Amino acid sequence: MEQQNHSIVSEFILLGLTESHELQILFFLFFSIIYISIMLGNLIIIFVVKLEPQLHSPMYFLLANLSFIDMSLASFATPKMIYDLISEYKTISYEGCMTQMFFLHLLGGSEMMLLVAMAIDRYFAICKPLHYQHIMGHRVCIRLALLSWTTGFVHTMSQMVFTVTLPFCGPNVVDSFFCDLPRVIKLACTDTYILELLVIANSGILSLFCFIFLFISYSVILITVRHHSSRGSSKALSTLSAHITVVVLFFGPCIFIYIWPFSSVSIDKLLSVFYTIFTPLLNPIIYTFRNKDMKKALRKIKIKHVSSRSTFSLKDYNH
């Protein structure tokens, strides 16, 4: 009896994205480039926000936090997936599998709440401009960031505390490129119906609650912006469109994976790729190319870098 209460599966087999060798090589090159782009793009946003004094505002503080979460979200499974594409044995240890699931829900829950925090910031900036500086102080921004991480931690622990106690004694094949919680718990040697409902309810309700809150918030903000036909309003609309695009791209796959129960394995894989790889790539593209302040700051830093290099070159020449 004592042996049955403990997991005897030491590793899980990940089936990955495809069994075709040619496609695996193609995906290896493609996703390697994508991953490098994600890391560079989000690092640029973090450094630009840090280096440029004009971007030391609540919106960009939260944006830098979003970039950090996106880098982490892209890193919990993507490097392993890229390695597996050229590896003969696509396995992951039991501990590694549990760690992947922990960080997926930690980072996913944190990003959801951070997007809510960014919506709150935009609401006060556009709807309550006279009180914005007083309401959205530095301490409030730090508290919102901490609330995001706390929500993510509570979200992941509320599921993982039950998952790590499950007995895994037989099936160990996961039809995905990472350990996805709904797929892994189905492999347990016990009835997991209630736990599956808990996972769907936990992730689904959090996703739905955040999405509805964001939908209502941005609707109110857009109505407010429409009543103003000034130059500032057009800038606000441009910023809002970037925020709304990111929200739709992030929550779309989440809602389908955890709320829509009839999606097939292939659709789930596609949505998982989009959620964990393409969303962290699209965020820096959207916020960089659709944000005038960010583009201006990038040009400013570039000019400073070029001028400093010219100064050093001139000094070397004089010596």
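Note that this is a predicted model, so its numbers are computed, not measured.
- Among all heavy-atom pairs drawn from Leu51 and Pro53, the shortest one is O-CD, 3.2 Å.
- Contacts of Phe31 classified as ring pair (Phe, Tyr, Trp, His ring centres under 6.0 Å), with partners at least two apart in sequence or in another chain: Phe27.
- Grouping the Ile, Leu, Val, Met, Phe, Trp and Tyr side chains by contacts below 4.5 angstrom, directly or via other members, places Leu104 with Val164.
- The ring-ring contact (aromatic ring centres under 6.0 Å, His included) pairs that include a residue from residues 142-162 are His105-His155, where partners are two or more places apart or lie in different chains.
- The two residues Cys189 and Phe168 come nearest to each other via the heavy atoms SG-C, 4.1 Å.
- Ring orientation note: the planes of Phe30 and Phe278 are tilted relative to one another, at an angle of 30° to 60°.
- Using a 4.5 Å heavy-atom cutoff, the side chains of Leu222 and Ile244 are in contact.
- A 4.5 Å side-chain heavy-atom check between Met71 and Ile46 finds at least one atom pair inside the cut-off.
- The side-chain heavy atoms of Met113 and Thr150, taken from C-beta on, include no pair separated by under 4.5 Å.
- Hydrophobic clustering, with ILVMFWY side chains joined whenever heavy atoms are under 4.5 angstrom apart, keeps Phe209 apart from Val248.
- No side-chain heavy atom of Asn283 sits less than 4.5 Å from a side-chain heavy atom of Ile38.
- Contact detail for Met294 and Val49: the closest heavy-atom pair is CE-CG2, 4.1 Å.
- The ring pair (Phe, Tyr, Trp, His ring centres under 6.0 Å) test applied to Phe177 returns no partner, not counting sequence neighbours.
- In terms of heavy-atom proximity, Ser110 sits nearest to Ile69 at CB-CD1, 4.0 Å.
- Here disulfide bond (SG atoms under 2.5 Å apart) pairs that include residues 28-122, with residues two or more places apart or in two chains, are Cys97-Cys179.
- Residues Ile212 and Leu208 have side chains in contact (heavy-atom distance under 4.5 Å, counting atoms from C-beta outward).
- The backbone N or O of Phe102 sits less than 3.5 Å from a side-chain atom of Thr156, completing a donor-acceptor pair.
- The minimum heavy-atom distance linking Leu195 with Leu166 is given by the pair CD2-CD1, 3.5 Å.
- Legend: side chain to side chain donor-acceptor pair (under 3.5 Å) pairs involving residues 210-219, not counting sequence neighbours, sorted by first then second residue: Tyr218-His243.
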Considering only distance and modelled atom types, tabulate donor-acceptor pairs under 3.5 Å from the side chains of residues 116-143, sequence neighbours left out.
residue	atom	partner	partner atom	Å
Asp121	OD1	Tyr132	OH	2.5

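- Grouping Ile, Leu, Val, Met, Phe, Trp and Tyr by side-chain contacts under 4.5 Å, direct or through others, puts Val173 with Ile13, Leu15.
- A continuous path of Ile, Leu, Val, Met, Phe, Trp and Tyr side chains, each step under 4.5 Å between heavy atoms, connects Leu17 with Leu29, placing both in one hydrophobic cluster.
- For residues 24-37, the pairs satisfying side chain to side chain donor-acceptor pair (under 3.5 Å) are Tyr35-Ser75, with sequence neighbours left out.
- No side-chain heavy atom of Val174 sits under 4.5 Å from any side-chain heavy atom of Ile92.
- In the hydrophobic clustering (ILVMFWY side chains linked at under 4.5 Å, chained through shared members), Val154 stands by itself.
- In Leu146, the CG atom is crowded: over 12 heavy atoms of neighbouring residues, nucleotides or ligands sit closer than 6.0 Å.
- The minimum heavy-atom distance linking Ala74 with Thr78 is given by the pair O-OG1, 2.6 Å.
- For residues 203-224, no pair satisfies salt bridge (charged side-chain N to carboxylate O under 4.0 Å, His left out), with sequence neighbours left out.
- In the hydrophobic clustering of this structure, Leu40 does not group with Val48; members are Ile, Leu, Val, Met, Phe, Trp, Tyr whose side-chain heavy atoms approach within less than 4.5 Å, directly or through other members.
- Legend: side chain to side chain donor-acceptor pair (under 3.5 Å) pairs involving residues 48-68, not counting sequence neighbours, sorted by first then second residue: Asn42-Ser67, Glu52-Lys300, Tyr60-Asn291, Tyr60-Asp293.
- No donor-acceptor distance shorter than 3.5 angstrom exists from the side chain of Ser87 to the backbone of Tyr83, with no hydrogens or angles considered.
- Using a 4.5 Å heavy-atom threshold, the side chains of Val199 and Ile185 count as touching.
- Taking 4.5 Å as the limit, every side-chain heavy atom of Met112 sits out of range of all side-chain heavy atoms of Phe211.
- Partners of Lys80 under the salt bridge (charged side-chain N to carboxylate O under 4.0 Å, His left out) rule, at least two apart in sequence or in another chain, are Asp84.
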